[in-house]
K.L.:
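First the structure, then my questions, so here it is.
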Amino acid sequence: QVQLVESGGGLVQPGGSVTLSCVKSQSITAFYVTAWYRQAPGKQRELVARITSNGAINYADSVKGRSTISEDNAKNTVYLQMNSLKPEDTAIYYCNVHIIQIPPSDYWGQGTQVTVSS
């Protein structure tokens, strides 16, 4: 029912910045959590950051201090800004929305590629 459209990925030089967007097709009234995951080739999927509909935020240690997750409810959009990018940040980044209800619901975006290279 909820579609997620991601954008903002691309080729970025080391030390640069990127802002990823995740647009939801509709507003969600129940309690929910929006998260950014990433998966690099040959590696497991990794949680990058998440934000709840109450505004609680947490980050993975690998991006803490140089990343910001935020939500603009008027635009139904969650953002992930990453600064001081490193080659190891190269991955496909996925947006996920988990709606806490009975039964719970999970939605995923198609992913957007971030490549950090000189």
K.L.:
Would you say Y37 and L80 are hydrophobically clustered, going by side-chain heavy atoms of ILVMFWY under 4.5 Å?
P.N.:
no
K.L.:
Determine whether T34 and C95 make a side-chain contact, defined as any pair of heavy atoms from C-beta on separated by less than 4.5 Å.
P.N.:
yes
K.L.:
What pair of heavy atoms forms the shortest contact from G111 to I92, and how long is it?
P.N.:
CA-CG2, 3.9 Å
K.L.:
List the atom of N76, the atom of S27, and the distance in Å for their closest heavy-atom pair.
P.N.:
OD1-OG, 3.0 Å
K.L.:
Same cluster or not: are Y59 and V78 linked, directly or through other Ile, Leu, Val, Met, Phe, Trp or Tyr residues, by side-chain heavy atoms under 4.5 angstrom apart?
P.N.:
yes
K.L.:
Applying the 4.5 Å side-chain criterion to the ILVMFWY set and letting contacts propagate, would V116 and V63 be lumped into a single cluster?
P.N.:
yes
K.L.:
Where do R38 and A91 come nearest, in terms of heavy atoms and distance?
P.N.:
CB-CB, 3.8 Å
K.L.:
Between Q3 (side chain only) and S25 (backbone N and O only), is there a donor and an acceptor less than 3.5 Å apart?
P.N.:
no
K.L.:
Work out which heavy atom in V114 is nearest to a heavy atom in G9; give both atom names and the distance.
P.N.:
CG2-CA, 4.1 Å
K.L.:
Please list, chain by chain and in numerical order, all residues satisfying salt bridge (charged side-chain N to carboxylate O under 4.0 Å, His left out) with D61, sequence neighbours excluded.
P.N.:
K64
K.L.:
Determine, using the 4.5 Å side-chain heavy-atom cutoff (strictly less than), whether I57 and W36 are members of one ILVMFWY cluster.
P.N.:
yes
K.L.:
Hey, are the side chains of S105 and Y32 touching, using non-hydrogen atoms and a 4.5 Å cut-off?
P.N.:
no
K.L.:
Compare all side-chain heavy atoms of V97 with those of V2 and state whether any distance is below 4.5 angstrom.
P.N.:
no
K.L.:
May I ask you to decide if Q81's main-chain N or O and T68's side chain share a donor-acceptor pair within less than 3.5 Å?
P.N.:
no
K.L.:
Would a 4.5 Å heavy-atom cut-off, applied to side chains only, mark L4 and Y94 as touching?
P.N.:
no
K.L.:
Does atom CD (E46) have a neighbourhood of more than 12 heavy atoms from anything else shown, all under 6.0 Å?
P.N.:
yes
K.L.:
Checking N83 against R66: is there a side-chain donor and acceptor pair closer than 3.5 Å?
P.N.:
no
K.L.:
Hey, does M82 have a side-chain heavy atom less than 4.5 Å from the side chain of Y93?
P.N.:
yes
K.L.:
Say whether, by atom type as modelled, one donor and one acceptor occur between the side chain of E71 and the main chain of S53 under 3.5 angstrom.
P.N.:
no
K.L.:
Indicate if L20 and V12 have the same hydrophobic cluster label, given that clusters are the connected sets of ILVMFWY residues with side-chain heavy-atom separations under 4.5 angstrom.
P.N.:
yes
K.L.:
Can you confirm whether more than 12 heavy atoms, excluding those of Q1, are under 6.0 Å from its CD atom?
P.N.:
no
K.L.:
Kindly indicate whether the side chain of S117, heavy atoms from C-beta on, has any atom under 4.5 Å from the side chain of L11.
P.N.:
yes
K.L.:
In the hydrophobic cluster built from side-chain contacts under 4.5 Å, what are the other members alongside I100?
P.N.:
F31, V33
